[in-house]
Amino acid sequence: MRISKKPVSFCLSLFSPTVSSRIPHHSGTRGAVRAAVSGASQLQASHPMDKSHRTFVGEKSQNVLHMASSDGGHKPFIWSSSEGGHNIDIGKHIFCNRPLNMKNIVSVGFDMDYTLAQYKPETFESLAYEGTIKNLVYNLGYPRELLDWSFDWTYMVRGLVLDKRRGNILKMDRHKYVKVAYHGFRELSKDEKVGTYGNTLLRDSFDEPGYALIDTLFSLAEAYLFAQLVDFRDRNPGKVSERVDYAHMYKDVRAAVDLCHRDGTLKQTVAKDPGQYINKDTSIVPMLKMLRDSGRSTFLVTNSLWDYTNIVMNFLCESCTMKSSNRMNFDWLQYFDVVITGSSKPGFFHEDNLANLFEVEPESGMLLNTDNGSPMPQVGSASPRLSLKGLNKMCRVFQGGSVGHLHKLLSIESSSQVLYVGDHIYGDILHSKKVLGWRTMLVVPELEREIELLWKLRDIRKELRLLQNQRDFIEDKIHLVKWSLKFEDVDVDEKHKMSTALDELESQREQVRSAHQQAQRECHQKFHKVWGQLMKTGYQNSRFAHQVERFACLYTSQVSNLSLYSPHKYYRPSEDFMPHEFDIIPI
């Protein structure tokens, strides 16, 4: 049996010829593919077998779309329950880049925002967008007509790069080749892309300060607003000062976003009705209980401050909503050993960070001095302390500090004993993995839909690969005929035959090329109308996928997927193949 190349390379790992007959035939894209293949049928027998046709996932693929889900109103379950441990929905799988034996993990930590708390983009991102617009108009002097703008929360995706100087939004592959580019909302032509980003003596790094990386879901609204401002400036030169260039506009957008967070209006609105802005995942508490029952400590490290953290975690861990219970409590703390708020990640992960660690008194929110986490006597009174009924060991809540404090509080002897789960490649994953050596799991909510689409489109994608091979084969034939006409001594009749064959081959090439590009474009748009597949750019892994592969030991669609696997599981990656191995490894 062949094993898929890499978990990030979904287009290969999800194909299974054992189930293709169970999928209904598609019209449109598939028809275009088959017409083109049929048009070049005389060449089909000669070209090598498409590699994706020889990539299997085994007989279990037949059941993979019929597996039980733990959300959407279903009763939550964990792997040890009668319903758990098998038949996991394909969109809830945990994928592995590097071997990770959970038996070696003594502590599991979590980020809160967009990890434990999955925000609803249609409400939360719209709220952030509206607040940013108001700050641009009322605090930074932008035209009032911006107040009439609207936000399409589906337009931007993670993994994009903003070119601040040129006002462009880019999607590139793992080698930093720009494949999709827009100036504002205007798509750049191939010549424009090559002229701007391809014809240079030195490759651009596409990093700060000239570029902004859209790697967190929090950044989607600001990226959309930046594109709107670029279009507005281009179409209304008199309404924006010439001194305000694209980079200046991006700087203003960032300042307006930061102000939304600093003035507290964003979080105050969410706090009034968390259910309107946050998805409630009923599997979070069973997951935390399972991890603690397995003998591991658990911790929470978030940049949010205590007051907001308590509201969100109450909402996530309570069986009823805050609106119905109409009260706050601290019962959720029983699921953690340590909670660190206001952590200022990613700086928190640097061991030379000298930030002070304060203990938080949960009921009042008062900050108490500590001696590197150890309680200090408070002058004039005893230190107030939360007592959690029924627990021998209370959870302690802190603000600030650094990873050194956390290691001491949890008695961590080796950084490789820690698994940290987050949503932000740079804020959560890169620094915790690269600087500390923690084991990491990245939460990618978009992954669930992407995998389901890959499954549905697997036959079309295999045929696209076949069509690409047809193009290669025809082009090789054309090169051979042209070479023969130029360098070989052939008579007039033979030269005429070869010229006729060349015309036919070039006609076939154009036919296949056109059909292939059209079919690829349609397949691309099924994932996203503008940016296509999150983890792919053409046939290459996207820049975002490359970052996932480099820095995340595990990745999955939502944090509670951990509850569907044994807490002692040994996660192993699929065997890694280089391209030259595909033609010589037996099926």
May I ask you to establish whether K164 and Y211 are in a cation-pi arrangement, using a distance under 6.0 Å from NZ or CZ to the six-membered ring centre and at most 45° from the ring axis? no
Provide the closest heavy-atom pair for T537 versus K171 in the form atom of the first, atom of the second, distance. OG1-CE, 3.4 Å
Apply side-chain hydrogen bond (donor to acceptor under 3.5 Å, both in side chains) to residues D191 and S189 and explain how you reach the verdict. CA-CA 5 Å; D191 289 341; S189 67; 5.3 Å; no
Note, Q228 side chain near F185 side chain (heavy atom, < 4.5 Å): yes
Could you check whether any side-chain heavy atom of D331 comes within less than 4.5 Å of a side-chain heavy atom of E318, counting everything from C-beta outward? yes
Neighbour count above 12 (heavy atom, 6.0 Å) for K134 NZ: no
Side chains of N541 and M535: does their closest heavy-atom pair fall under 4.5 Å? no
Under 6.0 Å between ring centres: does that hold for Y177 and Y197? no
Evaluation steps, side-chain contact (heavy atoms from CB on, under 4.5 Å), between L305 and Q399: CA-CA 8 Å; L305 297 178; Q399 178 174 309; 3.8 Å; yes
Is there a ring pair (Phe, Tyr, Trp, His ring centres under 6.0 Å) between F124 and W153? Walk through the geometry before answering. CA-CA 10 Å; F124 182 78; W153 62 271; over 10 Å; no
Can you classify the ring geometry of Y420 versus F299 as parallel (below 30°), tilted (30 to 60°) or perpendicular (above 60°)? parallel
Let me confirm one number: the CG-CZ distance from L453 to R458, rounded to the nearest 0.5 Å. 12.5 Å
What do the steps show when you test F232 against Y142 for ring pair (Phe, Tyr, Trp, His ring centres under 6.0 Å), and what is the final call? CA-CA 11 Å; F232 182 78; Y142 277 73; 8.4 Å; no
Determine, for D245 against R166, whether the closest basic-nitrogen to carboxylate-oxygen distance falls under 4.0 angstrom. no
Between S364 and E361, a side-chain donor and acceptor under 3.5 Å: yes
Give me the one residue out of L447, L442, V444 that meets side chain to side chain contact (heavy atoms under 4.5 Å, CB included) with F95. L447
Determine, for E145 against K239, whether the closest basic-nitrogen to carboxylate-oxygen distance falls under 4.0 angstrom. yes
Please examine the side chains of C523 and L457, heavy atoms only from C-beta on, and report whether any two atoms are closer than 4.5 Å. yes
Using ring centroids (six-membered ring only for Trp), state whether F151 and Y224 fall under 6.0 Å. yes
Closest non-hydrogen atom pair, I169 against G184: CD1-O, 3.6 Å
When M287 is tested against each of N561, L562, V108 for side chain to side chain contact (heavy atoms under 4.5 Å, CB included), which residue passes? L562
Taking every non-hydrogen atom, the tightest pair across M249 and V244: CG-CG1, 3.6 Å
Can you tell me how far apart OG1 (T132) and CG (L146) are? Round to the nearest 0.5 Å. 11.5 Å
Kindly compute the distance separating CD (Q558) from CD1 (I94), expressed to the nearest 0.5 Å. 10.5 Å
Carefully, step by step, assess V443 and D111 under the rule side-chain contact (heavy atoms from CB on, under 4.5 Å). CA-CA 10 Å; V443 175; D111 179 35; over 6 Å; no
Would you check if S304 and V312 make a side-chain contact, meaning some heavy-atom pair closer than 4.5 Å? no
CZ-OG distance between F349 and S344, expressed to the nearest 0.5 angstrom: 11.5 Å
Closest non-hydrogen atoms of N279 and L316, given as atom of the first, atom of the second and distance, are O-CD2, 3.9 Å
Evaluate the side-chain contact (heavy atoms from CB on, under 4.5 Å) criterion for residues L217 and Y119: first the C-alpha distance (whole Å), next the side-chain angles of each, then the deciding distance (0.1 Å), finally the verdict. CA-CA 9 Å; L217 293 170; Y119 290 91; over 6 Å; no
Beyond-backbone contact of Q533 with S542, side-chain heavy atoms, under 4.5 angstrom: no
Please check if the distance between the ring centroids of Y129 and W149 is under 6.0 Å. no
Pair R158 + D215, salt bridge at N-O below 4.0 Å: no
Kindly indicate whether a cation-pi arrangement holds for K267 with Y308, taking the cut-offs as under 6.0 Å to the six-membered ring centre and within 45° of the axis. yes
Are R165 and Y246 close enough, and set up right, to give a side-chain contact (heavy atoms from CB on, under 4.5 Å), and what steps lead you there? CA-CA 6 Å; R165 183 167 64 88; Y246 302 128; over 6 Å; no
Looking at M313 and L116, what are the two nearest heavy atoms and their distance? CE-CD1, 4.0 Å
Please walk me through it: do W531 and F544 pass ring pair (Phe, Tyr, Trp, His ring centres under 6.0 Å)? CA-CA 12 Å; W531 308 108; F544 182 77; over 10 Å; no
Which pair of non-hydrogen atoms, one from E192 and one from E187, has the smallest distance, and what is that distance? OE1-O, 4.3 Å
Can you say whether the rings of H516 and Y539 are parallel (under 30°), tilted (30 to 60°) or perpendicular (over 60°)? parallel
